[in-house]
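Notes follow the structure.
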Amino acid sequence: IGGKVIDVTPEELRKHNTENDAWMAIRGKVYNVTPYMEYHPGGIAELMRGVGKDGTQLFDEIHRWVNVNSMLEKCYIGQLKSEQFFEK
Ligand code: HEM
């Protein structure tokens, strides 16, 4: 990983919803959490609950203080484009 940064639509995000192809949006940023899966201290099943979608709320309910940005810097894919953006 470490290629170019892209904008991710919610539709595209939803496609990456499996253990072997797992993307998650947190605070507007989309991460490829696939390589992190087996290292998540809360386990795979818990992490999977937020995969393919905006996991911010789930994330914050458990560990608001965890710094995703620094932890998953290399897994950063791009900004999540809001649905609203396309309605205009
Ligand atoms: C624990 C990171 C997403 C559920 C943890 C811990 C870290 C972490 C560092 C250990 C925290 C500590 O011991 O203080 C991450 C990252 C995530 C993520 C980087 C996103 C990419 C999620 C999601 C859920 C979740 C979406 C789903 C609800 C949990 C649970 C624990 C945990 C249940 C165990 C808490 C405990 O046993 O005290 N996670 N997490 N995590 N995480 Fe996550």
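As the structure is a prediction and not an experimental result, all values here were calculated from the model. Counting starts at 1 for both ligands and their atoms, in listed order.
- For V51, the closest heavy-atom approach to ligand 1 does not fall below 4.0 Å.
- Across all non-hydrogen atoms, the minimal contact from I44 to E19 is CG2-CD, 3.5 Å.
- Within the 4.0 angstrom cut-off, atom 36 (C) of ligand 1 has no protein heavy-atom neighbours.
- Of all atoms in ligand 1, listed by their number and element, those nearer than 4.0 Å to a heavy atom of R49 are 28 (C).
- Heavy-atom minimum distance, Q79 versus V30: C-CG2, 4.3 Å.
- Residue D60 holds its CG atom at 8.5 Å from CD1 of I26, rounded to the nearest 0.5 Å.
- Here ring pair (Phe, Tyr, Trp, His ring centres under 6.0 Å) pairs that include residues 38-57, with residues two or more places apart or in two chains, are Y36-H40.
- Ligand-side atoms of ligand 1 in range of I26: 20 (C), 21 (C), range being under 4.0 angstrom from any heavy atom.
- Hydrophobic cluster membership differs between F59 and I62, with clusters built from Ile, Leu, Val, Met, Phe, Trp and Tyr side chains linked at under 4.5 angstrom.
- For the residue pair L13 and A25, the shortest heavy atom distance occurs at CD2-CB, 3.9 Å.
- In this structure, the side chains of M24 and T56 stay at 4.5 Å or more apart for every pair of heavy atoms.
- When side chains are defined from C-beta on, M48 counts as touching M37, because their heavy atoms get closer than 4.5 Å.
- Heavy-atom proximity to L72, at under 4.0 Å, picks out these atoms of ligand 1: 21 (C).
- By the rule that hydrophobic residues join a cluster once side-chain heavy atoms approach within less than 4.5 Å of another member, V51 and L58 end up as members of separate clusters.
- Remark: among candidates W23, Y39, Y36, the nearest residue to atom 2 (C) of ligand 1 is Y36, based on non-hydrogen atoms.
- Counting protein heavy atoms under 4.0 angstrom from atom 42 (N) of ligand 1 gives one or more.
- Side chains of Y31 and V68 form a contact here, defined as non-hydrogen atoms less than 4.5 Å apart.
- For ligand 1 and V33, the ligand atoms under 4.0 Å from any heavy atom of the residue are 21 (C).
- Under 2.8 Å from atom 43 (Fe) of ligand 1, one finds the following protein N/O/S atoms: H40 NE2, H63 NE2.
- Residue contacts with ligand 1 for W65 involve side-chain atoms from C-beta outward but no N, CA, C or O (heavy atoms, distance under 4.0 Å).
- In this structure, atom 12 (C) of ligand 1 has its sub-4.0 angstrom surroundings free of protein heavy atoms.
- Remark: E61 CD is packed, more than 12 non-hydrogen atoms of other residues, nucleotides or ligands lying under 6.0 Å away.
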